[in-house]
Amino acid sequence: MHPVRVRFAPSPTGALHIGGVRTALYNYLLARKTNGTMILRIEDTDQTRFVPGAEEYIMKSLEWVGIKIDEGAAQGGPHAPYRQSERKAIYKQYAQKLIDEGNAYYAFDSEEELEAMRNRLKATGSSLQQYSATTRMMMANSLTLSESEVAQKLAAGSPYVIRLKVPDSEEIELSDLIRGEVKVHSSQIDDKVLMKSDGMPTYHLANVVDDYLMQITHVIRGEEWLPSAPLHVLLYRFLGWEKQMPQFAHLPLLLKPDGNGKLSKRDADKAGFPLFPLNWTDPNTGELSKGFRESGYLPDALINFLAFLGWNPGTEQEIFSIQELIDSFTVERIGKAGARFDILKAQWFNQQYLKARTNDELAVYLLEALPPNLCSKEKAAKICGMLKERVTFTHDFATQARFLFEAPTVYDPQVISKKWNDDAVNVLTAFSEALKKLTNPTAEVIKTTLEQVTTSLNIGTGKILQALRVAVTGAGSGPDLMLSMEILGSQEVITRIQRAITTIKKI
RNA sequence: GGUCCGUUCGUCUAGGGGUUAGGACAUCAGAUUUUCAUUCUGGUAACACGGGUUCGAUUCCCGUACGGACUACCA
């Protein structure tokens, strides 16, 4: 396949939704697979929805998940600027071309007039309440007004928009890589606003102009754009760019985990999982939205999970590195139906990736949760090695390792009532005595020591193991006890056993 | 309402005119681990419905139902 030029084009109106991350991912995979170019274009044409920090957030998020941008607002490139607000003059020029050639027109209607038009149409029982071929001649625009009236209004600075003059009766065909041929009749499309009264273009114009100018070969975007894709085809045609029109691929939506509909923040909050890559605090409301990173997910696990929501390689392999995804990705294997977001599956992926990390890599997650200088790197790596089979999230290391740094203050009452008895106390007493004779014993040595004690007292090791565990850790279950005691050190183990014997007696 | 898109186990999905409809997550049972977790083995579980076409349809066609997206001077 020839090198593609693809773009991810978010608008900086808030945190980057996980669905957006998947769109970016599919674009990225295709770019890398074909040795093509990945472009990040900031679509900030809506000044009213601008949110400070959102653009930086998007960039940081993509960086975290490992999607590297070749051309974009931050890295520049041959088609700079990559921020639409900085390309205002460019759009204006093409809007003018459309007007000059009779494919667009000025419209001066106020909001109230538009509202009145829609109500009028509604009252007649019309199925469409649109500014279109059937209604445009009843409105205030350069089609109905005389040339001098229009010139006068323009000169007087009356607010206006530029609308596309959609042909009234024509079948518009478009070919989608995922859905095949899609046909829409032009009567269903309204005379979309191309330039807003503030001088900014709308998405429709800006997107077509930029995709052409930036030589985009494939437009991979969410399914919500499918209904307006025929409009974009029209725009390419009127601008004389039909031969250079990119190929379209409209991705299936990410759906709510239960019930139906597009996945939203509400659903995520309700089900208690994040919906954004990184933590995000809304500058206006101060509301904090949890990120996958802060919730303990690994970026490559998240990417693997996301890649499989709407795409699959056709083999039985489930775990894919980003490079493997790049190698096996094809748009042909993208599905058509929306995919439910199943956080349990994401957790499983995370667990698999955590297990595959080296102990040294994992040590970072433990260390960052601990007070400085409490634990050496080597010790942290050892602890993580012991714990890695039992964790789902990065923060699990710290919570599960807690007993190694803090002696228990409470003891699991269930274990005590079932397993704490004279035999246990006898073994523990003798065991701690035996430990005193050892220096830095390994798990192996500790184990044989314990077995020697139990055999000499003629008590099964299994009978008292739970008691030992509860004495040392406070809990009835946990990681390998012998290894835990090795890490704790014999002195600490002795102290804990003795404390347990005296405190539990009182209960 | 209209337009467009979609529909295989609970979920993500493979498959495709004749298959014991395959895998993964979840779930259940057993084994291992003298705990829990991990791991292993096994089980339950799906072609939305109705018509065609055909010797045969889950697969192709048409409807119906259901679901979704869109229907802004938002993207």
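Reminder, nothing fancy here: chain letters follow the sequence lines and each chain counts from 1. None of the values given here were measured: they were computed from a predicted structure.
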Which nucleotide sits closest to the side chain of A/S477: B/C25, B/U35, B/C70? B/U35

Return the value, rounded to whole Å, for the distance between atom CD1 of A/I334 and atom P of B/C12. 17 Å

A/V161 near the nucleic acid: base, sugar-phosphate alone, or nothing, with a heavy-atom cut-off under 4.0 Å? base

From B/G2, B/C74, B/U71, nucleotide with atom closest to A/Q130 side chain: B/U71

Between A/K192 and A/D190, does any NZ, NE, NH1 or NH2 come within less than 4.0 Å of an OD or OE carboxylate oxygen? yes

When you measure from the side chain of A/V193, which nucleotide among B/G2, B/C5, B/C73 comes out closest? B/C73

If we check ring pair (Phe, Tyr, Trp, His ring centres under 6.0 Å) with A/Y297, which of these qualifies: A/F292, A/F349, A/Y365? A/F292

B/A14 phosphate, OP1 or OP2: any side-chain N/O from A/N312 under 4.0 angstrom? yes

I'd like the P distance from B/C62 over to B/C4, given in whole Å. 14 Å

B/G18 pairs with which nucleotide, Watson-Crick or G-U wobble, both distances below 3.5 Å? B/C55

When you compare B/C47 with B/U3, how far apart are their C1' atoms, in angstrom units rounded to a whole number? 29 Å

Check the phosphate of B/C73 against A/K192, side-chain N and O only, distance under 4.0 Å to OP1 or OP2. Yes or no? no

Nearest whole angstrom, please: distance from the C1' of B/C73 to the CD of A/E112. 13 Å

Whole angstroms only, please: what is the CG-P distance between A/D342 and B/C25? 12 Å

Using the C1' atom as the reference point in each nucleotide, state the distance between B/U71 and B/U11 in Å, no decimals. 31 Å

Sugar-phosphate only, base, or nothing, as touched by A/Q347 at under 4.0 Å among non-hydrogen atoms: nothing

Side chain to side chain donor-acceptor pair (under 3.5 Å) partner of A/D191, chosen from A/R163, A/Q130, A/R136, A/K165: A/R136

Hey, does A/D109 reach any base, or is it just sugar-phosphate, or nothing, if we go heavy atoms under 4.0 Å? base

Of residues 450-472 of chain A, the positions that come close to RNA chain B - non-hydrogen atoms, cut-off under 4.0 Å: A/T461, A/G462, A/Q466, A/R469

Output yes when at least one side-chain N/O atom of A/R179 is less than 4.0 Å from OP1 or OP2 of B/C4, else no. no

How long is the gap from OG1 on A/T392 to CH2 on A/W348, to the nearest 0.5 Å? 12.5 Å

Given that A/E111 and A/G335 both sit by RNA chain B, which one's nearest nucleotide is further toward the 5' end? A/G335

Distance between the C1' atoms of B/U59 and B/A46, in whole angstroms? 15 Å

Donor + acceptor pair across side chains of A/E112, A/S110 (<3.5 Å): yes

Length of the line joining A/L251:CG and B/C5:P, which is rounded to integer Å: 17 Å

Paired to B/U64 by Watson-Crick or G-U wobble criteria (both distances under 3.5 Å) is B/A48

Nearest to the side chain of A/K345, heavy atoms from C-beta on, is which of B/U13, B/C25, B/C5? B/C25

State whether A/T45 places a side-chain N or O below 4.0 Å from either non-bridging phosphate oxygen (OP1 or OP2) of B/A75. yes

I'd like the P distance from B/G67 over to B/A48, given in whole Å. 16 Å

With rounding to the closest Å, how many angstrom separate the C1' atoms on B/A21 and B/U33? 36 Å

Partner lookup for B/C36, please. Criteria are Watson-Crick or G-U wobble with both distances under 3.5 angstrom; report none if nothing qualifies. none

Taking pairing as Watson-Crick or G-U wobble with both contacts under 3.5 Å, can you name the mate of B/U71, or confirm there isn't one? B/G1

Is there a side-chain contact between A/K388 and the phosphate of B/A37, meaning an N or O under 4.0 Å from OP1 or OP2? no

For a salt bridge (Lys or Arg N to Asp or Glu O under 4.0 Å) check, start with the C-alpha distance between A/R7 and A/D211, then their side-chain angles and the critical distance, and finish with the verdict. CA-CA 8 Å; A/R7 94 281 131 107; A/D211 284 346; 2.7 Å; yes

A/M386 has an atom CE; how far is it from atom P of B/U38, in whole Å? 17 Å

Whole-Å distance between B/U11 P and A/L263 CG? 16 Å

Show your working on salt bridge (Lys or Arg N to Asp or Glu O under 4.0 Å) between A/K447 and A/D480 and close with a plain yes or no. CA-CA 11 Å; A/K447 192 176 182 194; A/D480 189 287; over 6 Å; no

Could you measure between the two C1' atoms, the one in B/G18 and the one in B/A57, and give it in whole Å? 9 Å

Show the numbers, then the answer: is there a side-chain hydrogen bond (donor to acceptor under 3.5 Å, both in side chains) between A/Y91 and A/D210? CA-CA 9 Å; A/Y91 310 117; A/D210 284 346; 2.6 Å; yes

Measure the CG-CD distance between A/L29 and A/E324 for me, rounded to the nearest 0.5 Å. 12.5 Å

Counting side-chain heavy atoms from CB outward, which of B/A37, B/C70, B/G22 is closest to A/E389? B/A37

Let me spell it out: for each of A/A346 and A/E181, pick the nucleotide of RNA chain B with the closest heavy atom. Which residue's pick is nearer the 5' end? A/E181

Measure from the side chain of A/V184, starting at C-beta and using heavy atoms only, and say which of B/G2, B/A37, B/U3 lies closest. B/U3

Whole-Å gap separating P (B/U71) and CG (A/D190): 9 Å

Indicate, with a heavy-atom threshold strictly under 4.0 Å, whether A/S126 touches base, sugar-phosphate, or nothing. nothing

Look at A/K196 and B/A75 and indicate whether a side-chain polar atom (N or O) is within less than 4.0 Å of OP1 or OP2. yes

Hey, does A/F308 reach any base, or is it just sugar-phosphate, or nothing, if we go heavy atoms under 4.0 Å? sugar-phosphate

Taking the P atom in each of B/U58 and B/C9, what is the distance between them to the nearest angstrom? 15 Å

Taking the side chain as every heavy atom from C-beta outward, state whether A/S328 and A/W311 have any atom pair closer than 4.5 Å. yes

Under the salt bridge (Lys or Arg N to Asp or Glu O under 4.0 Å) criterion, do A/R49 and A/D46 qualify, and how do the steps go? CA-CA 6 Å; A/R49 291 209 306 159; A/D46 187 352; 3.4 Å; yes

Is the phosphate of B/U39 approached by A/K355 (side-chain N or O, under 4.0 Å from OP1 or OP2)? yes

Any base atoms under 4.0 Å from A/R333, or only sugar-phosphate, or nothing? Heavy atoms, all strands. sugar-phosphate

Tell me if the side-chain of A/K262 makes a donor-acceptor pair with the base of B/A69, cut-off 3.5 Å, by modelled atom types. no

May I ask which nucleotide in the shown strands pairs with B/U11, Watson-Crick or G-U wobble, both distances under 3.5 Å? B/A24

To the side chain of A/L309, which of B/A26, B/G1, B/C12 is closest? B/C12

Of all the choices, B/C73, B/U39, B/C4, which nucleotide is nearest to the side chain of A/Q352 once you look at every atom? B/U39

To the nearest Å, give me how far apart CG (A/L231) and P (B/A69) are. 21 Å

